[in-house]
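Beneath this line is the structure, given in structure tokens, with notes to follow.
These numbers were taken from a predicted model, which means no experiment stands behind them.
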Amino acid sequence: MPTSSAWSPLGDHPARPRPSAVGIVLAVLFAWPVMVSVPPVYPKYMVVFAFAAAAWFSFEGLRHHALVAWLFPPVALLWLNPLSGGEWFTRTGPAFFLPHAALALLCAVAAYSFTATEKR
């Protein structure tokens, strides 16, 4: 892994990356709800996954000097809406689709960049 102190959009990552399995699984987990019917009550475990994923990817991204890591906290804060009784994630529409798509894309970018490991 290259060690540089300069910040870049994707941070320090291997020349021949092997994507992070955790990042790929989280990307699929957040993309899946937009492909099925919207639940009448948004599951609490998805809120926990959103905050945990944002915390972990932010930490790893800042450690690897990735500017994209700064996008995780504001996107994850959108998951406060179901906790406060909001209805964004219980109705079909852009308010449901866009946060899930954004977090899924951010997880995929992280999986293939700053959390990737070196191929042998």
Heavy atoms of Ala54 and Ala76 approach each other most closely as CB-CB, 3.3 Å
Would you call the rings of Phe96 and His100 parallel, tilted or perpendicular, taking 30° and 60° as the class edges?
tilted
Please tell me whether Phe97 and Leu71 are part of a single hydrophobic cluster in this structure, the criterion being side-chain heavy atoms less than 4.5 Å apart.
yes
So which heavy atom on Pro99 is nearest to which on Pro94, and how close?
CD-O, 3.8 Å
Candidate pair Phe89 and Met46, rule side-chain contact (heavy atoms from CB on, under 4.5 Å), full reasoning
CA-CA 11 Å; Phe89 294 169; Met46 289 295 287; over 6 Å; no
Determine which pairs satisfy salt bridge (Lys or Arg N to Asp or Glu O under 4.0 Å) with at least one residue from residues 70-83, sequence neighbours left out, and list them in order.
none
Would you say Phe30 and Val75 make side-chain contact, with heavy atoms under 4.5 Å?
no
Please walk me through it: do Arg18 and Glu118 pass side-chain contact (heavy atoms from CB on, under 4.5 Å)?
CA-CA 6 Å; Arg18 175 185 301 135; Glu118 185 74 42; over 6 Å; no
To the nearest 0.5 Å, what is the distance between CG on Leu105 and CG on Leu98?
10.5 Å
For a 4.5 angstrom cut-off between non-hydrogen side-chain atoms, does Cys107 reach Phe72?
yes
If a pair satisfies side chain to side chain donor-acceptor pair (under 3.5 Å) and one of its residues is in residues 71-83, list it, with sequence neighbours excluded.
Tyr42-Trp79
Hey, does Thr115 have a side-chain heavy atom less than 4.5 Å from the side chain of Val22?
no
Nearest heavy-atom contact between Ala108 and Ala27 is N-CB, 3.8 Å
Write down the atom of Ala116, the atom of Pro19, and the distance for their closest heavy-atom approach.
CB-CA, 4.3 Å
Start with the C-alpha gap between Phe57 and Leu106, add the side-chain angles, then the distance that decides, and say whether side-chain contact (heavy atoms from CB on, under 4.5 Å) holds.
CA-CA 9 Å; Phe57 283 129; Leu106 284 172; over 6 Å; no
Can you find a pair of side-chain heavy atoms, one from Leu62 and one from Trp7, that are under 4.5 Å apart?
yes
Consider only side-chain heavy atoms of I, L, V, M, F, W and Y, link residues closer than 4.5 Å, and tell whether Phe59 and Val109 are in one cluster.
no
Once you round to the nearest 0.5 Å, how far does CD1 of Ile24 lie from CG of Leu29?
13.5 Å
Side chains of Ser20 and Tyr112, heavy atoms from C-beta outward: is any pair under 4.5 Å?
no
Between Leu10 and His64, is there a side-chain heavy-atom distance shorter than 4.5 Å?
no
Report yes if some heavy atom in the side chain of Thr90 is under 4.5 Å from a heavy atom in the side chain of Val41; otherwise report no.
no
Same apolar cluster (I L V M F W Y, side chains within < 4.5 Å links), Leu103/Val38:
yes
Does the separation of the ring centres of His65 and Phe114 fall below 6.0 angstrom?
no
In the structure I gave you, are the side-chain heavy atoms of Val28 and Val25 within less than 4.5 Å of one another anywhere?
no
